[in-house]
Amino acid sequence: MSMITLPLPRIRSDVLSVEQALAYRRSHRSFKDEPLSINDISQLLWAAYGLSMPIKGFLTCPSAGATYPLELYLVVGTEDVELSDSEFLEPGSYRYLPKYHVLAYVKPGHIKEEIHRACLSQKWVLQAKANIIISADYERTTRYYGERGIRYVILEAGHCAQNIYLEATALGLGAVAIGAFYDEELGEAVGLREGVQPVYMVSVGIPRHRYYLNEEALHEHIRRNRRRKGLV
Ligand SMILES: Cc1cc2nc3c(=O)[nH]c(=O)nc-3n(C[C@H](O)[C@H](O)[C@H](O)COP(=O)(O)O)c2cc1C
């Protein structure tokens, strides 16, 4: 299996505060036809499910009992992710391995078109330059927590998706969460391991329009809402 070693993740950054990332995060469904860089992919995957406490093997995502049931896959099309000047990641699906911060090439080909169909042909899935499929091996968590483990896995996928949303915002990119898909079709297209099921997906690209929230305007809206409710 061929491996792509990702650029090492950057932690130091003075681009946006957490509050700004929360305020400017929106779901984007219209993307420019420009590639993402491999640095973007590195940061997005690290934020999603990267190593953050190496001694214990703990990741950026909280995980019930630190069971870490999620497996992240990246699907890209032709010339969607630039490695260096006019060199691109091969189209297909890749599995992200947090411990080594690498991508393992799982399946070559036009997978993006297949996952687009599996996602009810939502056009932003095709327009996006990176589709991150959050899948899970439920057994890793249900082994300890029984039925309740199913809830824990789904909650963890939500944490993971939010990490991607916020990192995308901090990088000036746009993301949209995708929950509408045919599980079996998506899992098969991506080439998930036996026993692993797709839970959630996030599509990322360069947004055509950025969202900005002005603090004074926000305060004014909250004050007006309070006045209307008789709270002042
Ligand atoms: C569980 C879940 C599933 C979603 N599935 C889709 C989807 O399949 N397609 C889509 O375009 N947006 C999807 N969204 C995004 C929502 O439509 C979006 O978050 C909502 O309209 C609020 O907009 P905002 O994210 O800009 O705040 C999903 C969001 C969540 C939380």
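Atoms within a ligand are numbered from 1 in the order they appear, just like the ligands themselves.
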### Parallel, tilted or perpendicular: ring planes of Tyr49 versus Tyr68, cut at 30 and 60 degrees
perpendicular

### Query
Partners of Ser42 by side-chain hydrogen bond (donor to acceptor under 3.5 Å, both in side chains), sequence neighbours excluded?
His101

### Query
With sequence neighbours left out, what residues match Phe31 under ring-ring contact (aromatic ring centres under 6.0 Å, His included)?
none

### Task
Would you please indicate if the ring centroids of Tyr145 and Tyr152 are separated by under 6.0 Å?
yes

### Task
Can you sort out the partners of Arg10 under salt bridge (charged side-chain N to carboxylate O under 4.0 Å, His left out), two or more places apart, ordered by chain and number?
none

#### Entry: Considering all heavy atoms, the nearest His116-Lys123 contact
NE2-CA, 4.0 Å

## Note on the structure
Pocket residues around ligand 1 (non-hydrogen, under 4.0 Å) come out as Arg25, Arg26, Ser27, Arg29, Gln122, Trp124, Val176, Ala177, Ile178, Gly179, Ala180, Tyr200

